[in-house]
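Just so we're on the same page: letters track the sequence lines, and every chain starts at 1.
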Amino acid sequence: MTAIAEIRKEVEQIKKGLNDRVRPGQPIRFSEASAPGDAIRQGDLYIVVVDAVPQKSGYSQVEKLGEEHRQLVPGNTQGAKHALDSLQGVEMWRPNTWNEDILDGPYIRCLQERTITHPTHGAVTIPKGFTVKFRYQKEWDREQEKERRARD
Amino acid sequence: MPKRTIPLSQVTADDIDPEVCKQYADKWLQNALRTDQMTKEDFEVCPTHVVNMYKIADLDPPKHITYIKSPLALAVAGSISACLWYLDENYAGVCEGRENLSESEQIRRVRLAVPELVREALKCDPWEDKQNSVFISCMRAIMETCPPKFYGADEIAFIRPLETEVVYDSYKLVDLAKLFPNEPAEVIDDLENIFAAGFKCCAQHYDMWQGGNQWSAGCSFLDYWTEEFGATLDGKDVFSDFRELALRSGARIVHQDFVIISDRPDRLCLDEQYRPHSTDGPSHRWTDGWSMWYIDGLAVDEQIVMRPETQTIDQIDGEQNNDIRSIRIDRFGWDRYLIESGAEEIDVDRDAVSGTYQALYRTKRDENRLIVACPTARMFSLGIPATVRTCQEAQKWLAGDEKINIIGAT
């Protein structure tokens, strides 16, 4: 059987809930034992545990969090709707440039447990006390001959 | 009379019966999904409810109330009619330096601009009005609702048919000087200013928008609280007329001087998750022909749904949205996609997180494609630089070449 046929078969199994490791919409929670560098992939968003928010240029702490800060990926497509369930107990550092071309997203420090939701992917829960950064999956654009942010 | 006699301020969670809530939710869900057309009775009764709503808001009744078939025609006709009401009073505000222009010349210039403006506004939607049906529908509604000095009754018969393709380029704003070669530069300037004002109104049409049956979700809550507990606003029943309109019609544009009411779609196809979805025709269609094409809740186009085999590899690989690219290939055929891409398998292994197969292909265009199974039960084809040689390297590259340990995927 060709690789494509194998992958297609596995997609069918995922659809039917027969894959024992991944299920459509399956929620995941970082274990309290997670270490810096551990990451969960929610579609094209990588949620990466870090020690602390690095003091690096190009980032600023958001002074007053508003509803718009719940969305963690710039853009209006369905794929950009990775969102925090609430901003309560959240401190956030955002890149100073916030547009659809960036590959590095915000950092958040969770003073209480928070969940990241998405319309098609499962929710990802971040335990209280964790600091995470968000990174966007990239993709090679042959036409432009450069990498760009993947979008769905 | 409300069914319950508890004052609203004293209602607790114990007073809310989930079964009763579900009845309201079901009623309004059915209303949102209706595809039957407005009846004679609906057409007769809606104006009364509109006038009542204006009365509740302490406004004079609108001067004109008319109907239209689709929300696209509604948005365009309502916006341009609103623009004409503004131009009626402020021609010189839109077209600077024309304080002394005669009214008859103002009217002539507006009438030159309006049909072209409607055509341009319709081009903003990817659906093509090949039959001119939405255009005619818009013009009729504009004529019926704009200040009467601009259009007399029954003028719809004199609307010019669609011009040649040379003038109407889908991607460019119409060249007004080319379209009206005999008009002096001053008139062309005015037409351009009227266009700018018209587009501004189109861009802000939602300020005048009320969703009718499309706003059934909000109505379900208001219906529950008014029917079950007698909710009012400052002692006034402000919801009854709004509810009747939502039950009898589609979206409407509500302006100080006019109201245009649209009908419901005649085709609406959803999947089991209530997402718009159809693989054998448009997911939404209104009786003037305006259609929308969706698969799995994602906006696609007619070609992807009806003629997927005619797609090219350039169209597929050039698609920026991964979900839509996946749909494109599903419908084109994965095997054919790989053959026509000239793809050669260079690595196959199992994804460390999901345990599913993934494969890396080199295409004849000197790039790689990583084919993966997503936890959302979709196959993706991801662009990877030609320098990457294995699936593992490709996954690392996608993540930004950082040293991270992926412990889960969803």
Taking the side chain as every heavy atom from C-beta outward, state whether [X] and [Y] have any atom pair closer than 4.5 Å.
X	Y	answer
A:Glu147	B:Pro385	no
A:Val22	B:Thr410	no
B:Asn368	A:Trp140	no
A:Ile4	B:Met379	yes
B:Leu382	A:Gln137	yes
B:Thr376	A:His121	yes

More than 12 non-hydrogen atoms from neighbouring residues, nucleotides or ligands closer than 6.0 Å to [atom1] on [X], yes or no?
X	atom1	result
B:Gln315	CD	yes
B:Arg389	CZ	no
B:Gln311	CD	yes
A:Gln55	CD	no

Between [atom1] of [X] and [atom2] of [Y], what distance do you get to the nearest 0.5 Å?
X	Y	atom1	atom2	result
B:Asp351	A:Arg41	CG	CZ	5.0 Å
B:Asp335	A:Thr2	CG	OG1	6.0 Å
B:Glu402	A:Lys133	CD	NZ	3.5 Å

Tell me, for [X] versus chain A, whether the close heavy atoms (under 4.5 Å) come from the side chain, the backbone, both or neither.
X	result
B:Ile406	both
B:Leu338	side chain
B:Gln320	both
B:Val388	neither

Measuring heavy-atom distances to chain B, does [X] have an atom under 4.5 Å in its side chain, in its backbone, in both, or in neither?
X	answer
A:Glu10	side chain
A:Arg148	side chain
A:Arg135	side chain
A:Ser31	neither

- Specify which of B:Glu367, B:Arg325, B:Gln358, B:Glu319 makes the most heavy-atom pairs with chain A at under 4.5 Å. B:Glu367
- Using a cut-off of under 4.5 Å on heavy-atom pairs, state which of B:Ala299, B:Gly400, B:Ala359 scores highest against chain A. B:Gly400
- Message: Applying the side-chain contact (heavy atoms from CB on, under 4.5 Å) criterion to A:Thr120, which one of B:Arg378, B:Gln273, B:Arg275 satisfies it?
- Response: B:Arg275
- Task: Considering only heavy atoms and a distance below 4.5 Å, find which of A:Ile28, A:Val49, A:Ile47 pairs most often with chain B.
- Result: A:Ile28
- Query: Which one of A:Asp38, A:Asn19, A:Asp141 has the most heavy-atom pairs closer than 4.5 Å to chain B?
  - Reply: A:Asp38
- Note on the structure: In short, A:Ala39 meets B:Ile404 closest at the heavy-atom pair CB-CD1, 4.1 Å
